[in-house]
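Down below is the structure, laid out as structure tokens.
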Amino acid sequence: MYPIKPLLEVLSGRRQPVPPIWMMRQAGRYLPEYRELRAKAGGFLDLCFTPEYAAEVTLQPIRRFNFDAAIIFSDILVIPYALGREVRFEAGEGPRLEPLDMPEKVETLALQADFRKLEPVYEALRRVRRALDPKIALIGFCGAPWTVATYMVAGQGTPDQAPARMMAYRHPEAFAKIIDVLVANSIQYLLGQLAAGADVLQIFDTWAGVLPPREFERWSIEPTRHIVEGVRQKAPGAKIIGFPRGAGALLPAYVGATGVDAVSIDWAAEPSLIRERVQSRVAVQGNLDPLALIAGGAALDQAVDDVLANFAGGRLIFNLGHGIQPETPIAHVEQMLKRVRAYQG
């Protein structure tokens, strides 16, 4: 008998009396042990691409909090890197890439990634899998094509990702080529993560919420659907969580079209819409406001209780509505965990 993984149970259609819990960005700067290892590793990509370090960082929050899932420490921009694009991380500035902001530049984009460059990610997954308690799920991930493309077009993050939105309007064929290349290579990357030991995959579409409905369908829903179908052609039982952040009222359409097993929701999602039109079909993951976690005290207790009252009656994976912030006190994470695990449902 294999030990039961509560996260996989929820994704397989079986609600858990105590919702499984993990946090986006749980391996990160709010932990002193992470900051120590980050300083030792040097650059951010060095941390991602040194299997020993990436595995250690992935395991740090598990040792401290015993979450129900570990998510491999990596970044959504490793696919552009494997496609031969320059990717670097400036301290305090975020990612910098060589912009693909004109159709003629898109012609320089390689069609096939060099997956040897991503072997360190697979090796880190294998190391974590060996070290993890069998009851804890291991999550692999990629960035959704739309979100990754926004960085590739602009060469960096921008407040509302206007450069990519503009390119999609002005040069839809060129933009579609970027998306198609990302779809094909993301499928291969995710299959590699499953082979290396991932139990679950998450597709992060951080910038989905800036798209109007027609563009959301074309650039967020359709590429994600192709990835889910492509992964399941080779790995039929693959469990996949989608996170189209900020999708709001477009979430039911996303769930209906993509085939994901669960959808991660941000803290602004309207509870009755989610219960009636999303959670009735798939599991829901979320959606505590990361600022409530920083605030702590009675406000945190109330925010945790609200998530449980709204969604724990159905299939729920307790999480934040986005990543944990670096200034979050560790004691507040412990407070949240204690309250979720005391839930009697």
Side-chain angles (χ1 to χ4, degrees), residues 4-11 13-28 30-31 61-62 64-71 135-137 139 200 202 209 241-249 251-252 255 261-345:
I4 288 173
K5 294 181 168 75
L7 187 97
L8 282 183
E9 289 292 295
V10 171
L11 293 174
R14 293 179 285 276
R15 176 187 169 274
Q16 298 299 286
V18 178
I21 179 169
W22 67 281
M23 297 189 303
M24 288 184 266
R25 292 200 196 129
Q26 64 189 23
Y30 74 107
L31 293 176
I62 304 302
R64 194 183 267 273
F65 303 115
N66 197 33
F67 286 122
D68 293 294
I71 184 164
K135 295 192 293 295
I136 296 172
I139 302 171
V200 179
Q202 179 152 322
I241 303 168
F243 183 28
R245 185 184 175 205
L251 272 167
V255 165
D261 299 287
V263 69
S264 208
I265 54 175
D266 60 67
W267 60 88
E270 205 287 305
S272 62
L273 171 99
I274 299 300
R275 279 197 304 271
E276 291 160 22
R277 300 186 54 204
V278 175
Q279 199 179 20
S280 54
R281 297 151 81 183
V282 296
V284 163
Q285 177 174 277
N287 67 332
L288 186 78
D289 185 346
L291 294 189
L293 192 57
I294 295 173
L300 174 57
D301 284 346
Q302 182 64 68
V304 168
D305 290 350
D306 284 347
V307 174
L308 294 170
N310 283 325
F311 305 118
R315 287 190 290 145
L316 173 67
I317 298 160
F318 196 99
N319 206 309
L320 308 183
H322 197 229
I324 185 170
Q325 298 290 327
E327 62 271 31
T328 307
I330 286 167
H332 295 182
V333 177
E334 292 167 345
Q335 178 187 342
M336 173 189 72
L337 271 168
K338 188 176 175 186
R339 201 158 184 93
V340 172
R341 290 190 165 148
Y343 177 74
Q344 303 286 320

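Count residues from 1 along the sequence.
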Self-check item: Chi angles and distances behind the salt bridge (charged side-chain N to carboxylate O under 4.0 Å, His left out) call for Lys338, Asp301
Solution: CA-CA 10 Å; Lys338 188 176 175 186; Asp301 284 346; over 6 Å; no
Quiz item: Could you go step by step and tell me if Lys135 and Ile4 meet the side-chain contact (heavy atoms from CB on, under 4.5 Å) rule?
Solution: CA-CA 6 Å; Lys135 295 192 293 295; Ile4 288 173; over 6 Å; no
Quiz item: Would you find a donor on one side and an acceptor on the other, under 3.5 Å apart, between the side chain of Gln202 and the backbone of Gly242?
Solution: no
Exercise. For side-chain contact (heavy atoms from CB on, under 4.5 Å), just list the numbers for Leu291 and Ile294, CA-CA rounded to whole Å, side-chain angles, deciding distance to a tenth of an Å, and then say yes or no.
Key: CA-CA 5 Å; Leu291 294 189; Ile294 295 173; 3.9 Å; yes
Practice problem: Apply side-chain contact (heavy atoms from CB on, under 4.5 Å) to Trp22 and Ile139, showing your working. | Solution: CA-CA 10 Å; Trp22 67 281; Ile139 302 171; 3.5 Å; yes
Quiz item: Hey, what's the ring geometry for His322 with Phe243, parallel, tilted or perpendicular (30° and 60° as the breaks)?
Solution: tilted
Quiz item: Counting N and O atoms only, with roles assigned by atom type, does the side chain of Glu270 sit under 3.5 Å from a partner on the main chain of Gly248, one being a donor and the other an acceptor?
Solution: no
Practice problem: For side-chain contact (heavy atoms from CB on, under 4.5 Å), just list the numbers for Gln325 and Leu320, CA-CA rounded to whole Å, side-chain angles, deciding distance to a tenth of an Å, and then say yes or no. | Solution: CA-CA 10 Å; Gln325 298 290 327; Leu320 308 183; over 6 Å; no
Exercise. Heavy atoms only: give me the nearest Leu273-Ala249 pair and the separation to one decimal.
Key: CD2-CA, 4.1 Å
Self-check item: Residue pair Ser264 / Met24: nearest heavy atoms and the distance that separates them
Solution: OG-CE, 3.6 Å
Quiz item: So, Arg15 side chain and Ala312 main chain: donor-acceptor pair closer than 3.5 Å or not?
Solution: yes
Practice problem: Kindly indicate whether the side chain of Val263, heavy atoms from C-beta on, has any atom under 4.5 Å from the side chain of Leu251. | Solution: yes
Quiz prompt | Heavy-atom side-chain proximity of Met336 to Met23 below 4.5 angstrom | solution = yes
Quiz item: Between Tyr343 and Leu308, which heavy-atom pair has the shortest distance, and what is it?
Solution: CD1-CD1, 3.9 Å
Quiz item: Between the side chain of Asn310 and the main-chain N/O of Pro271, is any donor-acceptor distance below 3.5 Å?
Solution: no
Self-check item: Which atom of Pro329 lies closest to which atom of Leu293, heavy atoms considered
Solution: CD-O, 4.4 Å
Quiz item: Would Arg281 and Asp261 pass as an ion pair if we require N to O under 4.0 Å?
Solution: no
Quiz item: CD1 of Ile330 to OH of Tyr30: how many Å apart, nearest 0.5 Å?
Solution: 7.0 Å
Quiz item: Going by heavy atoms in the side chains, are Phe311 and Gln285 under 4.5 Å from each other?
Solution: no
Quiz prompt | Closest non-hydrogen atom pair between Val340 and Val18, with its separation | solution = O-CG1, 3.8 Å
Practice problem: Please report the shortest heavy-atom distance between Leu300 and Leu288, naming the atom on each side. | Solution: CD1-CD2, 3.9 Å
Quiz item: Does Ile136 reach the side chain of Phe67, with side-chain heavy atoms less than 4.5 Å apart?
Solution: no
Quiz item: Side-chain contact, heavy-atom cut-off 4.5 Å: Asn287 with Phe318?
Solution: no
Quiz item: Can you tell if the side chain of Val333 reaches within under 4.5 Å of the side chain of Ile324, non-hydrogen atoms only?
Solution: yes
Quiz item: Would a 4.5 Å heavy-atom cut-off, applied to side chains only, mark Asn319 and Ile21 as touching?
Solution: no
Self-check item: Any side-chain heavy-atom pair of Ile265 and Val278 under 4.5 Å
Solution: no
Self-check item: Check: Pro252 main-chain N/O paired with Arg277 side-chain donor or acceptor under 3.5 Å
Solution: no
Practice problem: Return yes when atom CZ of Arg275 has more than 12 non-hydrogen atoms of other residues, nucleotides or ligands closer than 6.0 Å, and no otherwise. | Solution: yes
